[in-house]
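Quick note: numbers below take in every heavy atom, side chains included, and nothing from hydrogens, waters or symmetry partners.
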Amino acid sequence: MPRQNISSGTAWEPIVGYSRAVRAGDYVHVSGTTATGADGALVGLNDVAAQTRQSLKNIEAALGQAGATLAQVVRTRIYVLNIADWEAIGRAHGAVFGEIRPATSMVEVSRLIAPEMLVEIEADAWLGR
């Protein structure tokens with residue numbers, strides 16, 4: 001299967017030179033994903049759990065465009081502004097991935113692209129034909 005770039009349609013993708021997700025054969029790699037809603041506005045202002053849930057919904061949508069599901073996710077990487085929020089983030093992640101249990105990392109960073117964003121998540125899926 002040839003490479004397939006998945007776009008979310010934002011103006012930033014061609015400027016920065018990235019895709020929301022890339023499918024290459026049986027693998028799907030989802031770029032860092034934040035809690036933006038369909039209208040481009042942040043979902044869950046000051047609520048790290050709500051932002052985590054929305055980020056995971058956005059990842060699910062990108063995976064779907066690539067022909068994958070959350071059940072096929074093998075790795076996530078979670079970037080957080082405050083590692084003290086690990087439990088709220090972890091519980092939201094666990095509500096989605098509790099039975100799937102991908103490999104994961106959670107790393108505190110000094111900032112994300114916008115100051116109101118509290119979490120950003122990447123995901124990799126294997127379609128395993």
Spatial distance of atom [atom1] ([X]) from atom [atom2] ([Y]) [nearest 0.5 Å]:
{"X": "L127", "Y": "T69", "atom1": "CG", "atom2": "OG1", "value": "8.0 Å"}
{"X": "N46", "Y": "Q51", "atom1": "CG", "atom2": "CD", "value": "8.0 Å"}
{"X": "Q4", "Y": "Q65", "atom1": "CD", "atom2": "CD", "value": "8.5 Å"}

Under 3.5 Å, side chain of [X] to main-chain N/O of [Y], donor-acceptor pair present?
{"X": "R23", "Y": "G25", "answer": "yes"}
{"X": "D85", "Y": "A88", "answer": "no"}
{"X": "N58", "Y": "T36", "answer": "yes"}
{"X": "E108", "Y": "I83", "answer": "yes"}

- prompt: So, T52 versus R91: side-chain donor-acceptor pair below 3.5 Å or not?
  reply: no
Cluster overlap [X] with [Y], hydrophobic side-chain contacts below 4.5 Å:
{"X": "L81", "Y": "V48", "answer": "yes"}
{"X": "M117", "Y": "V30", "answer": "yes"}
{"X": "L112", "Y": "V16", "answer": "no"}
{"X": "I89", "Y": "L70", "answer": "yes"}
{"X": "I59", "Y": "V96", "answer": "yes"}

- request: Just grab all the ring pair (Phe, Tyr, Trp, His ring centres under 6.0 Å) pairs involving residues 39-72, residues at least two apart or on different chains.
  value: none
field: Residue pairs passing the ring pair (Phe, Tyr, Trp, His ring centres under 6.0 Å) test where at least one lies in residues 74-93, sequence neighbours excluded
entry: H93-F97
Looking at every heavy atom in both [X] and [Y], which two are closest together, and how far apart are they?
{"X": "A62", "Y": "I6", "result": "O-CG2, 4.2 Å"}
{"X": "R75", "Y": "S105", "result": "NH2-OG, 2.9 Å"}
{"X": "S31", "Y": "S19", "result": "OG-O, 2.6 Å"}
{"X": "A49", "Y": "A92", "result": "O-CB, 4.0 Å"}

task: Could you list the residues that satisfy side-chain contact (heavy atoms from CB on, under 4.5 Å) with T10, not counting sequence neighbours?
output: S8, W12, E13, Y18
message: I'd like to know whether CD1 of I113 has more than 12 heavy-atom contacts from other residues, nucleotides or ligands below 6.0 angstrom.
response: no
I'd like to check the side chain to side chain donor-acceptor pair (under 3.5 Å) partners of [X]; sequence neighbours left out, ordered by chain and number.
{"X": "S110", "value": "none"}
{"X": "N5", "value": "R3"}
{"X": "D124", "value": "H29, R77"}

The single option from R20, E122, E120 passing side-chain hydrogen bond (donor to acceptor under 3.5 Å, both in side chains) against T33: R20
Within a strict 4.5 Å, meaning less than it, do heavy atoms of the [X] and [Y] side chains meet?
{"X": "Q72", "Y": "L63", "answer": "no"}
{"X": "I78", "Y": "V119", "answer": "yes"}
{"X": "N82", "Y": "L118", "answer": "no"}

- request: Sort out for me which residue in V74, V73, I121, T76 forms a side chain to side chain contact (heavy atoms under 4.5 Å, CB included) with T104.
  value: T76
